[in-house]
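What follows is a single structure, written as structure tokens, with notes after it.
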Amino acid sequence: MPELATASSADGTAARWCVIGRDARGGWGAVELAPDGARSAAVSIALDRLADFVEQRERAASLRWVWHDTARQYAPLLAAGVRVERCHDLRLCHQILRHAGSVGEPAQLRGAPEWNAPPEAATAPVAPPADAPPTLFDVVAEPRRSRGVPDGLAEALDEFDRQRSALASAREPGRLGLLLAAESAGALIAAELSAAGVPWDVDEHDRVLSEALGPRPAPDAKPARMLEVGAMVRRELGSPDVPLDSPPRLLRVLRAAGIEVDSTSQWELAQHEHPAIAPLLHYKKLARLLTANGWAWLDEWVRDGRYRPLYVPGGVVTGRWASSGGGALQIPRQLRPALRADPGWTLVSADVAQLEPRVLAAMAGDRAMTEAGAGKDLYAGIVESGAVATRQEAKLAMLGAMYGATTGESGRLVPRLRRAYPAAMDLVDEAAAEGARGGWVSTWLGRSTQPPGQEWEHVQSSASMPDATGRDEAAARRAARDRGRFTRNFVVQGTAAEWALCWIADLRQRLAAFAPVEVSQAARASGPIFSRRPHLAFFLHDEVIVHAPVAHAVAVAADVRESARAAGLLLFGDSAVEFPLDLRIAERAAKE
DNA sequence: GGTGAAAGCGCG
DNA sequence: AAAGCGCGCTTTCACC
């Protein structure tokens, strides 16, 4: 699996790194590093020759590009039709190494604050005009730190040295190195996903909207169906002007009508009997659809038959991706029919069945839980083992175990899992205890939590002062429990994110190996790199969608499964834990 | 008039 | 007033 190898690649060839960045004269510079540390002389590249240079070197040698920020560096290359196989993203890797508890000598890295930049959206923030007079706020506040990271070649070389030293000092450099490679591969994939886009059927989307809301209304007008349903709510409440879109005011009206709710959220409304409730819930559904994914969203985010959200790799503390713009993390199931392959192509969709519990079973080496998930639905396996009575109970108990539920039905079921799967439960319980103590925990590959903030420490120390009140002590216990739930979930969610990165990184390489097909007119919307081969089109935590020529669909599906197997092997070796997929090949493509 | 918090709800 | 983790986005409303 060459993609994820670091120090040397698994295909037997010595890995070489090519570090690139801006040179002192404003052009580009490149320096190649051999595994033994030998450096080539710096090569200068004219501004407009960078894409050519990268393509040439990529073809000539097995390289890992080292650059400051994939989000900024790779998008222009993709636009120029250049794909790269591997990279090392200095910004993302810095974030991981800086906080990794297993790094023995982090001091040098932590002494390079300019690389400690938070993930940012692909669109650069608008800088204030340089000639604007400083406001009072500017004078009082700390100097504004640059939001980006240095993009110079010299800085990149220095930072790469620091990162290699830090990695070498880690307790398990192999694992942490794998994480750095996986994270960087994820950054490449995120850029490629935005470039390729999700094939999106605007007519189907419009049909879903019209069916629910009525025809598209004039700008600033409410759709017909919303007006009708709103009128029903008003009639049932006996009030001509119910403020449907303002929760605080709606709450007052509901209480005046005798509906004793404390909020206007749907789960609470659903618990009351009143003729106004059904239409009100209906109205809220419609309003949500309209504002979140209505015609305005369609106009803004879908162009040329492609939905192009922005992904933020490493944007979540656990290592999951975040998104910024386009709402890729929250496409409602209702709109899934709008994901539609181009003519002659199809969508291969897969999601992992119960990824997080399976990851937990593998981490903990829990044989009973592994057995419960072998060859079948994990929750069904838990029921078979006799721990709980129904699949629903198994799911509720498992989520409660991983999230730290203490009350309600979920909390009530957790002790049964503790008896049936002590190894798995010990692992999450220990992670929670460590977090509650103020300590740090790590994922399987070594992504660590940051230490608790000053506020948290302050609450804890206040509670141990001689004059601490009962209230102080309660607040400290609550904060400790809160952090414990976070660290409990961190180890599982974060390791699941690592598994998923390995899965899609492996799959990406397999897809790139497909023989190219003739380009169809529609497929060109994916851009020069993606219109001739199967390519990733969507990724969300534990599911993936591949856009593929129909002729390749079955082979792609096999690769998706094979990559899942490879990810399990890469992370957990010969652990018996299986990662079964729910996999579908879409039947309908767009009309010719 | 712009900003930020909170409510509410969509996703895993 | 969600119980129980992690997010983003839209809207309203209080405030400067």
Side-chain angles (χ1 to χ4, degrees), chain A residues 119 121 135-137 222 243-252 260-272 280-281 283-294 296-297 300-301 309-336 351-357 359-360 395-414 417 428 431-432 435 441 443 447 449 481-497 499-500 538-544 582:
Chain A
T135 65
L136 182 61
F137 180 80
K222 275 191 185 174
L244 292 162
D245 300 314
S246 167
R249 290 161 61 209
L250 176 60
L251 184 60
R252 285 196 289 274
E260 297 294 322
V261 286
D262 294 311
S263 79
T264 64
S265 56
Q266 49 187 348
W267 68 266
E268 199 180 351
L269 288 170
Q271 293 173 354
H272 290 79
L280 178 54
L281 291 176
Y283 181 89
K284 286 163 87 66
K285 283 260 180 265
L286 296 182
R288 167 76 196 188
L289 178 62
L290 177 69
T291 57
N293 297 98
W297 181 91
E300 185 174 359
W301 292 104
L310 297 173
Y311 299 91
V312 186
V316 179
V317 283
T318 59
R320 276 185 174 182
W321 292 6
S323 79
S324 166
L329 272 56
Q330 45 199 138
I331 299 300
R333 298 191 154 279
Q334 202 178 359
L335 286 179
R336 288 302 174 99
D351 64 76
V352 193
Q354 307 100 33
L355 175 58
E356 291 191 355
V359 158
L360 172 57
K395 184 173 179 177
L396 216 55
M398 201 64 239
L399 292 178
M402 294 186 302
Y403 294 165
T406 54
T407 63
E409 196 189 354
S410 181
R412 190 171 54 73
L413 290 166
V414 169
L417 285 192
V428 286
V441 299
T443 59
R447 191 189 305 266
T449 52
R481 275 198 310 270
D482 288 350
R483 188 153 193 280
R485 281 196 305 278
F486 165 64
T487 52
R488 168 191 295 273
N489 185 248
F490 180 95
V491 296
V492 180
Q493 186 185 119
T495 303
W499 184 95
F538 189 69
F539 168 63
L540 180 58
H541 308 323
D542 66 350
E543 67 176 287
V544 71
D582 287 325

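Only this structure's heavy atoms are used, side chains among them; waters, hydrogens and symmetry mates stay out.
- Across all strands shown, Gly327(A) has heavy atoms under 4.0 Å from sugar-phosphate atoms exclusively, and none from any base.
- Comparing atom distances between the Ser410(A) side chain and each of dT10(C), dG4(C), dG10(B) picks out dG4(C) as nearest.
- The separation between Leu329(A) atom CG and dG6(C) atom C1' is 9 Å, rounded to whole Å.
- Arg249(A) comes within contact range of the sugar-phosphate backbone alone, with a heavy-atom separation under 4.0 Å but no base atom that close.
- The nearest whole Å value for the distance from the CG atom in Asp482(A) to the C1' atom in dA2(C) is 14 Å.
- Side-chain proximity of Trp267(A) to dG4(C), dG12(B), dA2(C): nearest is dA2(C).
- Comparing the same atom, C1', in dG4(C) and in dG4(B) gives a spacing of 27 Å after rounding to whole Å.
- Looking at heavy-atom distances under 4.0 Å, Gln266(A) makes contact with sugar-phosphate atoms alone, never a base.
- Residue Asn489(A) has its side chain nearest to dC5(C) when only dC7(C), dG12(B), dC5(C) are considered.
- Comparing dG8(B), dG8(C), dG4(C) by their nearest atom to the side chain of Thr407(A) picks out dG4(C).
- Using atom P as the reference point in both dA6(B) and dA2(C), the two lie 13 Å apart (nearest Å).
- At least one side-chain heavy atom of Leu250(A) sits under 4.5 Å from a side-chain heavy atom of Leu280(A).
- Leu399(A) comes within contact range of no nucleotide atom at all, as no heavy-atom separation falls under 4.0 Å.
- Rounded to an integer number of Å, the gap from Tyr311(A) OH to dG12(B) C1' is 13 Å.
- Across all strands, Arg320(A) comes closer than 4.0 Å to base atoms (heavy-atom distances).
- Rounded to whole Å, the distance from CE on Met402(A) to C1' on dA3(C) is 16 Å.
- Between Lys285(A) and dG10(B) there is a side-chain N or O to OP1 or OP2 distance below 4.0 Å.
- Side-chain contact between Leu269(A) and Lys284(A): present, with at least one pair of heavy atoms (C-beta onward) separated by less than 4.5 Å.
- The partner of dA3(C) is absent, by the rule that a Watson-Crick or G-U pair needs both atom distances under 3.5 Å.
- Of the candidate nucleotides dG10(B), dG6(C), dG8(B), dG8(B) has the atom lying nearest to any side-chain atom of Ser265(A).
- Residue Thr291(A) has no polar side-chain atom (N or O) positioned under 4.0 Å from OP1 or OP2 of dC9(C).
- Note on Leu290(A): nothing from the nucleic acid sits closer than 4.0 angstrom, heavy atoms only.
- Looking at the side chain of Val316(A), the nearest of the listed nucleotides dC13(C), dG8(C), dC7(C) is dC7(C).
- Here Glu543(A) lies in heavy-atom contact (under 4.0 Å) with sugar-phosphate atoms only.
- In this structure, Gln493(A) and Val316(A) have side chains that are in contact, with non-hydrogen atoms separated by less than 4.5 Å.
- OP1 and OP2 of dC5(C) both lie 4.0 Å or more from every side-chain N or O belonging to Arg481(A).
- Between Ser263(A) and dA7(B) there is no side-chain N or O to OP1 or OP2 distance below 4.0 Å.
- Distances from the side chain of Pro247(A) to the nucleotides dA7(B), dT11(C), dG8(C) place dA7(B) closest.
- Within 4.0 Å (heavy atoms only), Gly404(A) reaches sugar-phosphate atoms of the nucleic acid but no base atom.
- At whole-Å resolution of the value, CG in Asp542(A) and P in dC7(C) are 17 Å apart.
- Side-chain contact check for Lys285(A) versus Gln266(A): some heavy-atom pair is nearer than 4.5 Å.
- A donor-acceptor contact under 3.5 Å is formed by the side chain of Gln330(A) with the base of dG8(C).
- At the phosphate of dG8(B), OP1 or OP2 sits under 4.0 Å from a side-chain N or O atom of Thr264(A).
- Toward the 5′ end of DNA chain C lies the nearest nucleotide of Asp262(A), the other residue of the pair His541(A) and Asp262(A) mapping further downstream.
- Counting non-hydrogen atoms under 4.0 angstrom, Gly326(A) reaches the backbone sugars and phosphates but no base.
- The base of dC9(B) is paired with the side chain of Arg288(A) by a donor and an acceptor separated by under 3.5 Å.
- Spacing between atom CG of Leu286(A) and atom C1' of dT10(C) amounts to 16 Å, rounded to whole angstrom units.
- A donor-acceptor pair under 3.5 Å links the side-chain atoms of Thr487(A) to the main chain of Gly484(A), judged by distance alone.
- Other residues, nucleotides and ligands contribute at most 12 non-hydrogen atoms within 6.0 Å of the NZ atom of Lys395(A).
- Listed pair Lys284(A) / dG8(B) fails the phosphate criterion, with no side-chain N or O lying under 4.0 Å from OP1 or OP2.
- Side-chain contact check for Val317(A) versus Thr449(A): every heavy-atom pair is 4.5 Å or farther apart.
- Ile331(A) comes within 4.0 angstrom of sugar-phosphate atoms only, judged by non-hydrogen atoms across all strands, and of no base.
- Here the P atom of nucleotide dC7(C) and the CH2 atom of Trp321(A) are 17 Å apart, to the nearest Å.
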Salt bridge (charged side-chain N to carboxylate O under 4.0 Å, His left out) between Glu543(A) and Arg333(A), worked out: CA-CA 13 Å; Glu543(A) 67 176 287; Arg333(A) 298 191 154 279; 6.0 Å; no
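- Residue contacts shown for Asp351(A) are absent, as no nucleic acid heavy atom lies under 4.0 Å away.
- In this entry the distance linking CG of Leu396(A) with C1' of dA2(C) reads 13 Å, nearest Å.
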